[in-house]
Every structure is written in C-alpha cells, then in structure tokens.
Amino acid sequence: MSSLIRSFSLLFFVAPALCALSWNATPFNPSAMPLAVRSPYLSAWLTQGQGTALNAAWPTFWTGSILGWAGYIKVDGITYNFLGDPVVPGAQKAVQKSSENSSQPHKVYSPVEPNDLVNQSIPLSYLALEVASNDNNAHSVQVYTDISAEWISGDDTLTANWTTTVGDIITHQVQLVNQTTFGEVADHIQQGSAYYSTQGLSGTTYQSGEDIILRAQFINNSKLLNTQDSEFRAVSDRWPVFAFAVDLGNVLDTSQPVVFSVGHIRDPAIEYIVANGATQLRSSYFRTRFSSVGDAISAFLNDYGGALTRAQSFDANVAKDASKIAEDYASIVALAIRQGMASVEITTSKDSTGNFNASDALVFMKEISSDGNVNTVDVIFPAWPLFLYTNPAIGKGLLLPIFEYQATGQYPNEWCVHDLGAHYPQALGHNDGQDLNMPVEESGNMLIMTLSYTQQTNDTSLLTTYYDLLDQWTQFLIADSLTPADQPSTDDFAGSLANQTNLAIKGIIGIKAMSELAALAGDTAKSANYSTIAATYVREFQQLANSSDDKHLTLAYGNDSSWGLTYNLYADKLLNTAVFPESVFNMQTNWYNSVTNDYGLPLDTRHTYTLSGWEIWTAAFVTSSSLRDSLISLVRKYASDGQGSQPFGDWYDATTGAVINTFKARPVVGAHLALLALSPGDVLGPGTGSNSTSSASTSPVLHILPPAVYKPHQWRPDEYCRPIPGGLY
Ligand SMILES: *[C@@H]1O[C@H](CO)[C@@H](O)[C@H](O)[C@H]1NC(C)=O
Ligand SMILES: *[C@@H]1O[C@H](CO)[C@@H](O)[C@H](O)[C@H]1NC(C)=O
Ligand SMILES: *[C@@H]1O[C@H](CO)[C@@H](O)[C@H](O)[C@H]1NC(C)=O
Ligand SMILES: *[C@@H]1O[C@H](CO)[C@@H](O)[C@H](O)[C@H]1NC(C)=O
Ligand SMILES: *[C@@H]1O[C@H](CO)[C@@H](O)[C@H](O)[C@H]1NC(C)=O
Ligand SMILES: *[C@@H]1O[C@H](CO)[C@@H](O)[C@H](O)[C@H]1NC(C)=O
Ligand SMILES: *[C@@H]1O[C@H](CO)[C@@H](O)[C@H](O)[C@H]1NC(C)=O
Ligand SMILES: *[C@@H]1O[C@H](CO)[C@@H](O)[C@H](O)[C@H]1NC(C)=O
Ligand SMILES: *[C@@H]1O[C@H](CO)[C@@H](O)[C@H](O)[C@H]1NC(C)=O
Ligand SMILES: *[C@@H]1O[C@H](CO)[C@@H](O)[C@H](O)[C@H]1NC(C)=O
Ligand SMILES: *[C@@H]1O[C@H](CO)[C@@H](O)[C@H](O)[C@H]1NC(C)=O
Ligand SMILES: *[C@@H]1O[C@H](CO)[C@@H](O)[C@H](O)[C@H]1NC(C)=O
C-alpha cells in the first residue's frame, strides 16, 4: 500500500521478533513490496512473487540487484534474523507462518497529506522497530541492523570509503572513492553517499567492518564495539557493512520504537540546460530548509512520530476516496502512489546572493526501466492524475522545465520536445532536434496538462508566461492532428502508424484545450476560432474513424478490423470539454464490453499486451459502471496474482496476465489515480482540501508519499509478539 505523507516516503515497521512472521497480505501481496522507495536512487524493494518473507531474501534495487540490509533481534539470548538473508552461524530465522486469522483486525493505510516540498525532497526512509511481550513477562531484548556498501554503486568491484559520526545522532556515511558526477552504472548513481543513522539512545552501539564479523559480534556479544574499520576497500571485498545495535534491556514492550533512517543523498542532484547552452547545477529542494545533510537527517529522525500520524491520515483519506469508486480500486491506487512519487526529485538552485531560492522549485522525473530519459512528456502525462490529485504543485514543477527549455529557443522543432535529456540526471535538452519524434503526442499532452493544472488551481502563471509556446504547439496540432502523419504514440513499443485514431483524439482535445486557455487569457477571438476548429475536426473525425459497421473506432483510419484503447478520451472528461459526443463514449463502451479478456483489454489489435495505466484511463471514461469496475478488478487481478516478482510492471499480457518485465517501477502507475483526479475528494485532509491548491501556486504545498507500510499482522510468536498497530504495507 502506499501512503503519502508529509515528510518522507517510507515507513517501514518491522515487527521484530522472534515471532513467527505471518503477514496478512491486505489488500493483496504485490509482486514487490516497497521498503525504502523515495527517489530514482533510493529504491529498495522486497520482491515477493507468490510471497517471500522479509527474511527470506535480500532487499533489491528496482533493477533486481541486491541491497544488503540485515536485521537481527535477540530475545533472552536467542538470536533471530528478521530482515535480509545473511548466513552467519548462531542465528535462526524468525519463522513465517502461512496461517492467517482473517478475523484479526488490521488496517492498511494510504496516507497522504499536503506537505511542503522540503519533506518530499528528503531522500531518506525510516526503519522502525517495536517489540512487545506476549506472555506478560519482561524479556531481555537487543536489536541489530546494518546496510552494505551495495547502496552506493552498480559495480561492486569499486572502492568505497566511509566514516561514522557520533553525536546526538549516530550516522554511518559511505561513498565511492572515485565518484562520477551525474554518472550511472546499472542505473545506480555513482555520486553522493548512502547514510544510515539512528538517534543515539542509551544502549546504542555502532561498528563498521566485514559483514560476517559484525553480525557474529552481535550474535556472540549482543552489542557492537564502537569502532570503525579503516581499511577502505571494494564493496564486495570482505563486504564492509555499517551496523547499529540497541540494547533495550528487560522490557515488556517498547514505549518508543527504535528508529533508523536510510538514504542516498547527492549534490548537485541535477544538471539542467538554461539559455545559450549553459547548464545549471541544481540541488535537492530540502537544502532550502537544512544547511547540512546532518541537519536534515536529525530533523527527519525527530519527525518520525509526526510523519507516522500524517501518513495514517493521508492513507485513510486516499482509501476513503478510492473506496467510493470501488473496493478493488483502493488497492491499486495505494500500490501506485509511492512508486510514482519516487520517480521524481524536487530541486532548487542558488539565487544571485548565493542562497538557495525556495521559489525556484523544479521537479525532475526519471522514466525508469523503459529508459532513463528525463521528464519524458508522455510519461508525465499518464502519471499526471497522481500529481493532480495529491498536489498539482508537483505537476507544475514537472512541466516548468519543459516550458523553460523551449522558451529559450534552443529546441528547433515547432512541436513539443519528447524529453529533456536522454540520461537522468542530466537534463541537457535536445538542441539538435533529434529527440524521439512524437510530435502530436507531446504537443497534445502539454496543452491538456496545462489546462488541467490551471483549472484545478486557478494559477494562470503557466498559461500567461508560455502562451506563445502553447499557441505554437496548437498551430502544429491544427495542421497535423486530424490525419496524423506516420509516427509513434507514447506506446512506441507497439510501432509507428499513420492516421492513429487515438492520436487524433488527443490532438483535437489539445486544440480545444488551447481554446479554453485562450479564453482564460482574455483572447476571445482565438478562443472562438480554436473552438470552431476543434468542433469541425470532430465532425470530420467521425467520418474517418468509425469501423464501417459503426461498432467501434478503428486503431487507424480505414482499417475496419483494427481497434485499440482510445484512452485519450479520458482527457475530454478530465477537462470537462465535451469535445466528443456522448455517442462515441457509448459506442466504445459497448465494444469493450464485448472484447474483454481474462486480464482486461489489449492495448490494440496488433498485440495481446496492454498497459495497466491505460486500462484505468479507459475505465475512467467508459459510460458503464460495471465495465469500469470490471476493468479495475482485472488490473487488481493482474497486480495480485503473483505471476511477477518485481516492482510493479505496468506492461503485461491481457490474455494471460504474464508480465513483460522490461517495464518495472515506472512512474506511469500514477495513471491508476485517473478516477480520483476526476472528482477530487478530501484526500488533502482536514483543513487543506479546499485551499491547498491555491496556496500551491504561491508557496508550494506537497503531499508526499509514503511509506511502505508492510504489516505483518499476525505474529505467532512463541512468546513475544503482537501485531503492530499500523505496521507495514
Ligand atoms: C481468530 O481469532 C479470534 C480472536 O482471537 C478467535 O476467536 C478465532 O477463533 C480465530 N479464528 C481462527 C480461524 O483461528
Ligand atoms: C572518501 O573519498 C572521497 C572522494 O574521493 C573523499 O572526498 C573523502 O575525503 C574520502 N573520505 C575518507 C574518510 O577517506
Ligand atoms: C580512481 O580513478 C583513477 C583514474 O581512473 C585511478 O587511477 C584510481 O586507481 C582510482 N582509484 C580507486 C581507489 O579506484
Ligand atoms: C563468535 O563466536 C564464534 C563461535 O564461538 C567464534 O568462532 C567467532 O570467532 C566469534 N566471532 C566474534 C566476532 O565474536
Ligand atoms: C515535514 O513537514 C511537517 C509539517 O510541515 C513539519 O512539521 C516537519 O518538520 C517536516 N519534516 C522535516 C523533516 O522537515
Ligand atoms: C528565485 O526564483 C524565482 C523563480 O525562478 C525567480 O523568479 C526569482 O528571481 C529568484 N530569486 C532570486 C533572488 O534570484
Ligand atoms: C477557482 O476559481 C473558481 C471560480 O472563481 C472557483 O469556483 C474555484 O473554487 C477556484 N478553485 C480554486 C482551487 O481556488
Ligand atoms: C490518412 O487518412 C486520410 C484521410 O482518410 C487519407 O487521405 C490519407 O491517405 C491517410 N494517410 C495514410 C498514410 O494512410
Ligand atoms: C484560426 O486559426 C487558424 C490556425 O492558426 C488560422 O489559420 C486562421 O486564420 C484563424 N482564423 C481566424 C478567423 O482567425
Ligand atoms: C460514428 O459512430 C458514432 C457513435 O456511434 C456516431 O455518432 C457517428 O454518427 C458515426 N459516424 C458515422 C459517419 O456514421
Ligand atoms: C489492420 O489492422 C490489423 C490489426 O491491427 C492488422 O493486422 C492489419 O495489418 C491492418 N491492415 C492494414 C492494411 O494495415
Ligand atoms: C485552509 O482552510 C482551513 C479550513 O478552512 C483553514 O483552517 C486553514 O487556515 C486554511 N489554510 C490556508 C493555508 O489558507
């Protein structure tokens, strides 16, 4: 489940113990559980498949490479491993039982609340441990946890160095000795540091050193030596790990959880093209509040209680809004929020006086897995409902760099650019104009997103500042969208095609969107002209796009046997523009009702595969609530059927449910919020729902996402355990 919370993204409660770990997979067991998932480079998952316990596998980066993260708990002298899969003698596994008591009450949260951009931009996650006796007797308890240096590189043969800083907070910091600014290896950034921290509560010890030695040290002696290994070496050379142990003494339960933070922080974070080919170095937005990483870590750890409360409230609000649509809907929304939010990073720059400028909030997105492009317009577009629903200010921050770059005049094409750079985190533009060519797709997307942002917030700054650019893209759509030239759409893996019906739909809605934007700008003549053009195009479209039996829209004009998901019709509902007559929506609804497969509708007649995001966009425009609910349920069926074992993959076979695993962990799952974006509820929480968007335009309000709350709800401890209220997942 995901949750948005103000300050950070992952709450990870491990119910410790020597308990038999049996979690109720409510609402279901996803193919991978997000553990510490907050940015493209802080992305630790537990891949599960049919169900893998937290201590039956190592956590992995989204790519599948291991991120060493180990945990033990010792109770009355017996050591149990609860996290990761270390092989060190003297410990036993906490046992996971498959039995489940379904009457056991438990809750799943999807908290989100409005927050400031600072909270969202801190790339740290929590690990919180609680223990409780289940026999009413106090027991002697010590806990241990470490991370490896695998968190800092995609190449384990590279040399790391590290330090441990001891104060109110104890922090292990580890990094590559040879860093490459903005460089990636296997999608890991080769720059910056991993940080593993805890409050220095009494009974806390620390140590850095070889994995098997530190773990044996804890198993043998229940504590660490407060020493640092000074032999800097490769990540995989006698595997250096960075460990903490906490002696809780004889306890009945923990009055306070023991809290750790894990994260990956780099500076500069983003290289960004500005005017005249110059580039700007941008930093994580939290630098506007915290002058050092240490201050940010300290505030983050101290904020744990508040963060948890806000997460619970956010989750409850999302669940309430989503459940109004369908019970199955809440679960796929919850699964999407953290994954989508962790694909973006909020950044700032220094102003002329050398201070970080809080008014300069630009947001960058990594496409993830389909490629590493920066701010791909047709990836922001499917994810758009996530930002619209949780906080449109983040959406604005994503659109701004695309506008700013093209307003410099360096991009030579008349249409909107595909992305801001081939390799995250370098947003270097495409001054040669040789970016992926999706002219109708991207131009239409920008017009639709700009109008929806403006409608939702009443903030007209995008439209007034970039009016000429928006108009230029509209002119292109007027020339090229009724009969679109041979070109790919966002689904470029399906191939390029001329006269794509769905692209024409997008282009025509884009023209109408500009008509509305022109009206808001007071340009009534232009507004009327574009409105007329859109209406004329719709009439012509209706002659071109139907199958000859008028049973469905074709995939491409004139090919009667072809059809596809015309998900762009969703934009007509989102914008309330009523460009297309209701008869078209009804025709598509009837057709889809007759062609649904075991796992939903195929993307189009060329293949049997589909994308979960477009299934939900389709669900959001069909005129039958039973078809809507059935499409939602089939996405949930795919998400929960255990065929995959990777961070949610949005691309799969609509007939078999088999995942196409080249797509994983992508931001596009934000599309799952399409129905929520149509009717904003009170997700923003008490006192914020009605006014958060207006404040977003001046001082940005952020809702964040959260925590992977993984909830082992039924511990069958031999002696010590209880379900953790509000635990994980
Ligand atoms: C589940 O737990 C409840 C409350 O502890 C108990 O009454 C019930 O018998 C249990 N059911 C099963 C199937 O174990
Ligand atoms: C680790 O390496 C970095 C980068 O080369 C260097 O700046 C830093 O001083 C080194 N730290 C230690 C503790 O040696
Ligand atoms: C760092 O890189 C330089 C240049 O490639 C190389 O000579 C040196 O051995 C590297 N140092 C380490 C510790 O990998
Ligand atoms: C832990 O105990 C085992 C068994 O006595 C011993 O072989 C090992 O050296 C000890 N390790 C540490 C780090 O104390
Ligand atoms: C997160 O936001 C809340 C509410 O604005 C604030 O109280 C808290 O200090 C923030 N957390 C951090 C780590 O800045
Ligand atoms: C801060 O950023 C905003 C937005 O980019 C800009 O308008 C303003 O001039 C900047 N302030 C300073 C002092 O540079
Ligand atoms: C935007 O303006 C309209 C018309 O004045 C108003 O009804 C609506 O509440 C405003 N929305 C926001 C988010 O301020
Ligand atoms: C696209 O459709 C138009 C209108 O039917 C037609 O004139 C044109 O030839 C088609 N283009 C292609 C490449 O098929
Ligand atoms: C309407 O817009 C089109 C496309 O920009 C333009 O060619 C045409 O002259 C405009 N018509 C009027 C009446 O302004
Ligand atoms: C295409 O189908 C729609 C929806 O049924 C209908 O309104 C429209 O008239 C049809 N177009 C033609 C040319 O028959
Ligand atoms: C019509 O569409 C079908 C299904 O997508 C495809 O197999 C066929 O090749 C298309 N025909 C033409 C002439 O493009
Ligand atoms: C938002 O509205 C609530 C309730 O009307 C009010 O208490 C709060 O102060 C408002 N916040 C802002 C930032 O205007």
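Order of appearance sets the numbers: ligands from 1, and atoms from 1 within every ligand.
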Here the atoms of ligand 11 under 4.0 Å from any heavy atom belonging to Asn559 are 1 (C), 2 (O), 3 (C), 8 (C), 10 (C), 11 (N), 12 (C), 14 (O)

Just checking, any donor-acceptor pair under 3.5 angstrom between side chains of Tyr609 and Asp604? no

Apply side-chain hydrogen bond (donor to acceptor under 3.5 Å, both in side chains) to Ser208 and list each qualifying residue two or more places apart in sequence or on a separate chain. none

Could you tell me whether the side chain of Asn502 and the main chain of Asn568 form a donor-acceptor pair under 3.5 Å? yes

Can you list the ligand 11 atoms lying under 4.0 Å from a non-hydrogen atom of Thr605? 4 (C), 5 (O)

Heavy atoms of other groups near His423 NE2, more than 12 under 6.0 Å: no

Heteroatom distance test (Ser359, ligand 6): nitrogen or oxygen, under 3.5 angstrom: no

Considering only heavy atoms from C-beta outward, does the side chain of Trp162 approach that of Tyr196 to under 4.5 Å? no

Within 6.0 angstrom of Asp168 CG, more than 12 heavy atoms from elsewhere: no

Hey, are Asp560 and Ser548 close enough side-chain-wise for a donor-acceptor pair under 3.5 Å? yes

For ligand 11, which atoms, with element, lie under 4.0 Å from some heavy atom of Arg606? 5 (O)

What atoms in ligand 6 come closer than 4.0 Å to a heavy atom of Asp351? 12 (C), 13 (C), 14 (O)

Any idea which residues sit under 4.0 Å from ligand 2, heavy-atom distances? Asn161, Trp162, Thr163, Val177, Phe232

Asp486 atom CG: more than 12 heavy-atom contacts under 6.0 Å: yes

What atoms of ligand 11 come closer than 4.0 angstrom to any heavy atom of Ser562? 2 (O), 5 (O)

Side-chain heavy atoms of Ile189 within contact of Pro425, under 4.5 Å: yes

